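When a ligand or atom number is given, it counts from 1 through the structure's own listing order. No experiment lies behind these values; they were computed from the predicted model shown.
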Amino acid sequence: MRAVVLVGGFGTRLRPLTLSAPKQMLPVNGVTMLERVVTNLARGGVTEAVLALGYLPEVFQAEFPSGEIAGVKMHYAVEPEPLDTGGAIGFAARFAGFTDDTFIALNGDVINDLDIAGLVAQHKAFGGEGTIHLTPVEDPSRFGVVPIDAEGRVEAFIEKPPADEAPSNWINAGTYVLEPSVLDRMPEGEKVSIERAVFPDMVADGQLYAVQRDGYWVDAGTPESYLKVALDLVNGVRSNEPAVAADTTVAPSATIIGSIVGSGAVIDAGAHVEGSMIQRGAHIGANARVVTSIVGPNALVGPGASLEALTVVGDSVTVESNSVHVGAKLPDVPKE
Ligand code: GDD
Ligand code: MG
């Protein structure tokens, strides 16, 4: 089986971390988001994949120069301009020659344990042009909402409906099985949204099906969900990976509670780190406090500084000693 992985977005909601690295290249407990996604594809029988690249494509190629991730042969398709989700799938599938057989397409920022092979089997049984994986969420307003009938046929695809107007709590979980005929709905070089144009057209033609699966699922595209997806790997919610890299320097009087500390990081005396992610090479000064926050690679949090409530510190940024930040982005970035 072959797959198109969408990784070309700007990662706006994760700025400033995504000013220097695309979202899917951010670490999720020491392993890039992309590698975690491709590992699950491999488990589901995918042997070849193409990255639909737009923003900072060279960062991907530099990190995976062998052209292979988790045993999956990778192609790199770089869009001349952002083609939106549908245009990007069409561009990348044609680039890699995935035009003659059923293929997977997926959002590269979704972390889950979906049984891909099972989804493909369901798709074959439905016999439509496309099958979408659905997951239940409390607030569907920031997702694609997908009501289905008793046979699994999609009744409507409503991307980001206003709060309280969603007809269902089952949303598009971002993994699709598609027939090559869907490429005809994505004309070459044209900007088109799969969620706002291609899927609604397929619904109108009765060609779109969906499968509801209630397993572990997180879209890691916001500071809150990105932090959660990483911490869930070390706090037993999803697994119990080691939370602190082997080569860190942690002062005996520092306290680290329910947090991830990346390779080469330094935590000085009296510092308090709780429910947070300290990325590789970052330095937390004496008596600083980092709670429910993310400190980017090689950043320096000055002595006595306090970060809380999803404060995000960018790559190599220095946070002033004794300064206080609540829900801040450092440096500040314009709102979405
Ligand atoms: N190549 C390329 N070009 N990739 C893109 C582009 C583009 O122009 N625009 C977005 N992407 C990529 C992003 O990098 C991401 O991997 C994926 O497409 C989805 O974009 P997001 O920006 O993360 O979308 P979202 O999270 O708001 O919504 C999407 O995901 C939800 C599930 O997580 C939609 O598919 C929703 O319907 C869905 O519920
Ligand atoms: Mg997303």
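- Using modelled atom types and a 3.5 Å distance limit, the side chains of D232 and Y216 yield a donor-acceptor pair.
- Among residues two or more places apart in sequence or in another chain, the salt bridge (Lys or Arg N to Asp or Glu O under 4.0 Å) test is passed with D100 by R2.
- For atom 31 (C) of ligand 1, the candidate residues are F143, F10, Y55; the nearest heavy-atom contact is made by F143.
- Under 4.0 angstrom from ligand 1, there are no non-hydrogen atoms of I194.
- By the criterion of a heavy-atom distance under 4.0 Å, the side chain of W217, and not its backbone, is placed next to ligand 1.
- Residue A88 touches ligand 1 through its side chain alone, judged by heavy-atom distances below 4.0 Å.
- Of the heavy atoms in M33, none comes closer than 4.0 Å to ligand 1.
- Assignment of K191 to the shell around ligand 1 is not supported, since no heavy atom sits closer than 4.0 Å.
- Heavy-atom distances between Y176 and ligand 1 reach below 4.0 Å in at least one pair.
- Closer than 4.0 Å to atom 28 (O) of ligand 1 lies at least one heavy atom of the protein.
- With ring centers used as reference points, W170 lies 6.0 Å or more from F157.
- Excluding waters, the set of protein N/O/S atoms under 2.8 Å from the Mg ion (ligand 2) reads D109 OD2, D219 OD2.
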